[in-house]
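What follows is one structure encoded as structure tokens, with my remarks underneath.
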Amino acid sequence: MIASAIRLPGQALLLLALGILAPYPALAACPAIAELRVIAEDGEPLVRLPMPEGAGWCLAWNHSVEGFTVHDCYRNVKGRMVLERSHLPDFAAGLDHIPGRGRQVSDGRSGYWIEDINEPVPNNRYRLRVGGMRVDHRLVDHDEPRLETLIASQRDNCPGHYPSPQAAPNGISLSERAAHQAVTVGLYPLPLVHATSANSESSL
């Protein structure tokens, strides 16, 4: 169902990040072999999420003129950050479909999806100029596993390995952390570390 691909994590994500919600089943060993990071210009990580192979996420933002929400949706495909699809609610300036780049499909609500883009992102990362809160660049769900599930796996399998990002009811906002700043959004490989090792390190 199309709507599920752009479903926002909702209040459950906030409760889960605060440790109020019961944990979801574990996804994999600690950590997830790859990690989605949003890094500030000074090199400080603003957001870190485990992103195992096959998992995905969307970067969503509000169009600066029309105000509707746009989605670019990515997935970890064998360790590569791949742009799979984009959701465009209108033919606003700068959002037209480029012929030969994916296929345009109606979303049934006056907007459209660009499906089957399947473009690997060069070097597994890109630079993003984060908008203000009116634009609200944010990370949201892309099918399953949901972001809240990834966060639960991170918390339960990797205690002390790295902190869970603080979540908001409408996703993980980059604009709250770095409005009007340039950041790097990237998929980074991680060494395989078992939960027991992470627990030992955290106890030191």
Evaluate the side-chain proximity of Arg177 to Val47: yes if any heavy-atom separation is below 4.5 Å, no if none is. yes
Pair Trp61 + His137: ring centers closer than 6.0 Å: yes
Distance, nearest 0.5 Å, that separates CZ of Arg134 from OG of Ser175: 12.5 Å
Are Glu53 and Lys78 close enough, and set up right, to give a side-chain contact (heavy atoms from CB on, under 4.5 Å), and what steps lead you there? CA-CA 6 Å; Glu53 183 175 340; Lys78 297 181 179 179; 3.4 Å; yes
Going by heavy atoms in the side chains, are Ile39 and Leu46 under 4.5 Å from each other? no
Is the shortest heavy-atom distance from the side chain of Glu84 to the side chain of His142 under 4.5 Å? yes
Between atom CD of Glu148 and atom CG of Asp141, what is the distance when rounded to the nearest 0.5 Å? 7.0 Å
Heavy-atom closest pair, residues Pro120 and Arg80: CB-NH2, 3.3 Å
Asn76 (side chain) donor-acceptor with Ala55 (main chain) under 3.5 angstrom: no
Residues passing the ring pair (Phe, Tyr, Trp, His ring centres under 6.0 Å) test with Tyr126, sequence neighbours excluded, are Tyr74
How long is the span from the OH atom in Tyr188 to the CZ atom in Arg37, to the nearest 0.5 Å? 6.5 Å
When rounded to the nearest 0.5 Å, the distance separating CE of Met81 from CZ of Arg75 is 13.5 Å
Taking C-beta and beyond as the side chain, do Glu35 and Leu187 meet within less than 4.5 Å on heavy atoms? no
Hydrophobic clustering (ILVMFWY, side-chain heavy atoms < 4.5 Å, transitive) - are Leu88 and Ile117 grouped together? yes
Between atom CG of Leu174 and atom CZ of Arg138, what is the distance when rounded to the nearest 0.5 Å? 10.0 Å
For the atom pair CG (Leu147) and SG (Cys58), what is the distance rounded to the nearest 0.5 Å? 8.5 Å
Looking only at heavy atoms, what is the nearest atom pair of Val183 and Ala178, with distance? CG1-CB, 3.9 Å
Treat each ILVMFWY residue as a node, draw an edge where side-chain heavy atoms are under 4.5 Å apart, and state whether Leu36 and Val121 are in one component. yes
Measuring only between side-chain heavy atoms, which start at C-beta, is Asp72 closer than 4.5 Å to Leu83? yes
Check each of Val140, Leu49, Val38 against Ile172 using the side-chain contact (heavy atoms from CB on, under 4.5 Å) test, and report the only one that passes. Leu49
Quiz question: by atom type and distance under 3.5 Å, do the side chains of Arg127 and Thr184 form a donor-acceptor pair? yes
Atom of Leu150, atom of Pro52 and distance for their closest heavy-atom approach: CD2-CD, 3.7 Å
Non-hydrogen side-chain atoms of Val70 and Leu59 separated by less than 4.5 Å: no
